[in-house]
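Structure, as structure tokens:
In what follows, every chain begins at residue 1, and chains take the letters A, B, ... in the order their sequences are listed.
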Protein chains: 2
Amino acid sequence: MNLSSRDLRAFLALVEERNFTRAAARCHLSQSAFSTLIRSIERDLGARLFDRTTRTVETTPEGRLFEASARRALAQFDALVEDFRGYATRARGRVAVAALPSLAAGWLPGVMTAFRAAHPGIDLELFDVLSDQCLALVRAGRADIAVAAAAPQEPDLQVEALCADRFHLVCPRDHPLAAQESVRLKDLTGYPFVHLARTSSVRQHLEAAAHPGPMRPVFEVEQLPTVRALLEAGFGISVVPALTLFHFRSPRLVVRPLRAPGITRRIFLVRLRGRSLSIAAQGLYDLMRARKPATGAAAR
Amino acid sequence: MNLSSRDLRAFLALVEERNFTRAAARCHLSQSAFSTLIRSIERDLGARLFDRTTRTVETTPEGRLFEASARRALAQFDALVEDFRGYATRARGRVAVAALPSLAAGWLPGVMTAFRAAHPGIDLELFDVLSDQCLALVRAGRADIAVAAAAPQEPDLQVEALCADRFHLVCPRDHPLAAQESVRLKDLTGYPFVHLARTSSVRQHLEAAAHPGPMRPVFEVEQLPTVRALLEAGFGISVVPALTLFHFRSPRLVVRPLRAPGITRRIFLVRLRGRSLSIAAQGLYDLMRARKPATGAAAR
DNA sequence: CACACTTACGATATTCGTAAGGATT
DNA sequence: AATCCTTACGAATATCGTAAGTGTG
């Protein structure tokens, strides 16, 4: 038993037209093919649906019975296809992204704005959490895509480099280091240093590159705006990646690139391995790649 | 866009099996044909539904989305077909019959009992009304079949003779006419006569055959049981068709055939012309023809 | 190298349209 | 005579299965 939406459409066309020739035209079929089609439907269903004389076409009682059900079934069918097409054409959908707070505040909003402009029907969800949580969200299926720094070689995740985020010194305008065009890691030695919490990716990169490190910690805080406030108040200096520099645009502070090739924070796009992204998510993924974060001097 | 129930079944088979070979077997297809089928579904829908490596088959996010809808649609599809098949195979249905009271009380119950035994799922409806109302019910679509006496040549009705109902004299056992094996119309002259109401088909036939008639009316009543009671009480004689004789089985009464070839009440099966009966109704119609009322001497 | 999906390709079936046939108004 | 559905039949198309190809574990 195989009944198609086309069969239902043909049946309903004939119910409405009560005329094979016109109904056939509506179905883009020759009258002869249409006649055969109706006959095959009747054969499949095991009952005549139409009484036909050469002059009139009438539905049988069974035809009238079938009509109501056929309409319902076809309507659901069409709704199903249309709904699905909505997702397939990115007219509808949902994408959840987990991103580092720095990216969630700096780079991502622009990307998401562009995406929303192109696909206003797609719901966007954003988690601004640290790298480990980003990955956990992807693993749990709560996020389609993670934009994270830590990218271990895990077998269940597919990782793609997005950009390399270079570090910069931030210090008060009147600080001795502000006189240099750029600074080296060892130049920082001895200056009071404002650290981020150990859980942040920035801190982890710094410690990995400069252990035990030349920094002389005076504060250890969680949020970058706090760092900025402390620097503006003259409590010391700090080092942050380029993608967070937007926090430090201030007349009282200056930014200097850190000449330390080994210390770059690599940012990755992460997704589940072996499972394709939803069409909506793939669209955002592609857009992220096309609009990679601007890092380095240009972002100063 | 043409999606068939077979397509949905194939899709769901693959969702459940996550293996082309097994899913193909479930659909009675070669693995190759099945692969092509899935691909054509994906093409029609405009999105991939499965991620396939050579070793694993997984649904895409869109595939999972489609699954729920596909199950619903297929369930409705199957219900539609199964429901319809119920009607087509006479497992379900409804038939309404309008019949003359005499037939509704005498002959029809046996026919309907046989029909119900064969098709217990079909609802039966019976109107026991006079001929004109029988025809009106058929015209109004409230009855599928009428079993009536009056059968004018009307263009909207299709009429088929069912039987010829011959008339019989009924009189008290000790009545002079009881001595005869059979009687002629003119034999009735002068005897007190119990009539049925003018609206009954019996009366109309009698008047047409014997106007102004040899009868000497003493009563004009509506119901045959009343006639019987009057005859048993000795108020006169009457003439009724064979199919009503079951009302007159009484030790005080006798029945004698009326030798009057012109006077027979013809009983007809009536239905709308040009519209086929429902399958259920056609079944009852055929059974009625196969079990025509027994008339004449045999029914005495 | 064994398994599993895809691709190639010839065979088979189905479906299609033109044209002729038959019935009704 | 005109209209409308069915049937006939050759052609185009689709579908199927066998078998070879390809990638993965």
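Note: F66(B) and Y87(A) fail the aromatic proximity criterion, with ring centroids not under 6.0 Å apart.
The phosphate of dC4(D) has neither OP1 nor OP2 within less than 4.0 Å of any side-chain N or O from T21(A). The side chain of S35(B) places no N or O atom within less than 4.0 Å of a non-bridging phosphate oxygen (OP1 or OP2) of dC5(C). Residue R52(B) has a polar side-chain atom (N or O) positioned under 4.0 Å from OP1 or OP2 of dT6(C). For N19(A) and dT3(D), the shortest distance from a side-chain N or O to OP1 or OP2 is not below 4.0 Å.
For R52(B) and F20(B), the positive end is not near the middle of the six-membered ring at less than 6.0 Å and at most 45° from its axis.
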All N/O contacts under 3.5 Å from nucleotides 17-21 of chain D to the protein, with atom names and distances to one decimal?
unit_1, atom_1, unit_2, atom_2, d
dG17(D), OP2, S30(B), N, 2.8
dG17(D), OP2, S30(B), OG, 3.1
dT18(D), O4, S32(B), OG, 3.0

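Residue T54(B) places its side chain closer to dT24(D) than to any other of dT24(D), dT24(C), dC5(D).
Here R22(A) lies out of heavy-atom contact (under 4.0 Å) with every strand.
In summary, E125(B) and R94(B) engage in a salt bridge, as defined by a charged side-chain N under 4.0 Å from a carboxylate O.
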Inset, instruction - Start with the C-alpha distance between V97(A) and L284(A), add both sets of side-chain angles, then the distance that settles side chain to side chain contact (heavy atoms under 4.5 Å, CB included), and finish with yes or no. - result: CA-CA 9 Å; V97(A) 181; L284(A) 181 57; 3.4 Å; yes
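R39(B) has its CZ atom 13 Å from the P atom of dC16(D), to the nearest Å. Here dC4(D) presents its C1' atom at 15 Å from CZ of F50(A), a figure rounded to the nearest Å.
Here the rule is side-chain contact (heavy atoms from CB on, under 4.5 Å) with T59(B), and of V15(B), L14(B), L49(B) only V15(B) fits it.
Within 6.0 Å of CZ on R85(B) lie more than 12 heavy atoms contributed by other residues, nucleotides or ligands.
Looking at R55(A), its side chain has no donor and acceptor atom pair within 3.5 Å of the base of dT25(C).
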